[in-house]
Amino acid sequence: MSTCLFPGSFDPPTMGHVDLIRRAAKLFDRVIVAVMVNPDKRPMFTAAERVALLGKCVASLPGVEVCAGEGLTLELAREKGADVLLRGLRGEGDAGLEAQLAAANRHVGGIDTLALFTAPEYGYISSSIVRDVLRHGGSPRGLVPPEIESILREKTAAQGR
Ligand code: ADP
């Protein structure tokens, strides 16, 4: 059984992330999406909220599961029995950092990283753009999966994040 682990912040999940997960689900028997807790970042949404949001986005995709993780991604990959790590590339901006991360994970954990290019229509989308839109009361329509659009707006408005 082939398994990939897709680690990220997903703060919040976007159309770009979910498109990547959908495509990976066709390539792998199991896709484990891992919301990684990074102590250096102050996320807009808690890890539990991000897991729940992703859960809604991938509910109809067979073989896809969502979890939270902390510490070394490669340890989590080992724990979950993943064969490779999955990452997304939006262009040259992502490529340099992703290559460095992939090399480090291969060196330290002996695990390879597979990168999928973004679908061109989602190439400009990032979680930080979505956070900006939400903070300023804008609509994230088209940037995030429709399943979580209103939840994101409600959470942002109610809690003044
Ligand atoms: P991280 O903080 O680990 O980069 P992100 O949630 O920002 O977490 O991104 C997780 C992964 O998804 C990264 O590999 C990133 O390059 C990829 N990604 C982010 N946005 C997109 C997008 N619009 N299209 C394809 N891949 C994306």
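Each ligand, and each atom within it, is numbered from 1 in the order the structure gives.
- In this structure, the separation between CG on Leu20 and CZ on Arg90 is 10.0 Å, given to the nearest 0.5 Å.
- At a 3.5 angstrom cut-off on N or O pairs, Phe6 does not count as close to ligand 1.
- At a heavy-atom cutoff of 4.0 Å, ligand 1 is contacted by the side chain of Arg90 but not by its backbone.
- Annotation for ligand 1: atoms under 4.0 Å from non-hydrogen atoms of Gly8 are 3 (O), 8 (O), 10 (C).
- Members clustered with Phe117: Leu89, by chain and number, using a 4.5 Å side-chain heavy-atom cutoff among hydrophobic residues.
- Closest protein heavy atom to atom 15 (C) of ligand 1: Gly88 O, 3.7 Å.
- A single hydrophobic cluster is seen to contain both Phe45 and Ile125, as judged by linkage of ILVMFWY side chains at heavy-atom distances under 4.5 Å, directly or through other members.
- Closest approach of Pro140 and Glu149 over heavy atoms only: CG-CG, 4.0 Å.
- Checking only distances, Ser126 never comes within under 3.5 Å of ligand 1, N or O to N or O.
- Nearest protein heavy-atom contact of atom 12 (O) of ligand 1 is His17 CD2, 3.4 Å.
- Ligand 1 is never approached by Met15 to a heavy-atom distance shorter than 4.0 Å.
- The protein atom (non-hydrogen) at minimum distance from atom 3 (O) of ligand 1 is Arg87 NH1, 3.1 Å.
- Residue contacts with ligand 1 include Lys41, since one of its heavy atoms falls under 4.0 Å from the ligand.
- Between Cys4 and Ala82, the shortest heavy-atom contact is C-CB, 4.3 Å.
- Of all the heavy atoms in Asp19 and Ala119, the pair that sits closest is OD2-CB, 3.4 Å.
- The distance from ligand 1 to the heavy atoms of Phe10 drops below 4.0 Å at these ligand atoms: 6 (O).
- Less than 4.0 angstrom separates some heavy atom of Glu98 from each of these atoms of ligand 1: 13 (C), 14 (O), 16 (O).
- Annotation: Ile125 places an N or O atom under 3.5 Å from an N or O atom of ligand 1; distance criterion only.
- Between atom 24 (N) of ligand 1 and the options Asn38, Thr118, Leu20, the minimum heavy-atom separation is to Thr118.
- Interatomic distance, CD1 of Ile32 versus CD1 of Ile21, reported as 12.5 Å (0.5 Å rounding).
- With a 6.0 Å radius and a threshold of 12 heavy atoms from other residues, nucleotides or ligands, Glu70 has its CD atom at or below the threshold.
- Proximity to Asp94 (heavy-atom distance under 4.0 Å) selects the following atoms of ligand 1: 16 (O).
- Here CG of Leu152 is found 10.5 Å from CG of Leu143. Values are rounded to the nearest 0.5 Å.
- The distance criterion of under 3.5 Å between nitrogen or oxygen atoms is met by Ser9 with respect to ligand 1.
- Shortest non-hydrogen contact noted between Ala68 and Val51 is CB-CG2, 3.9 Å.
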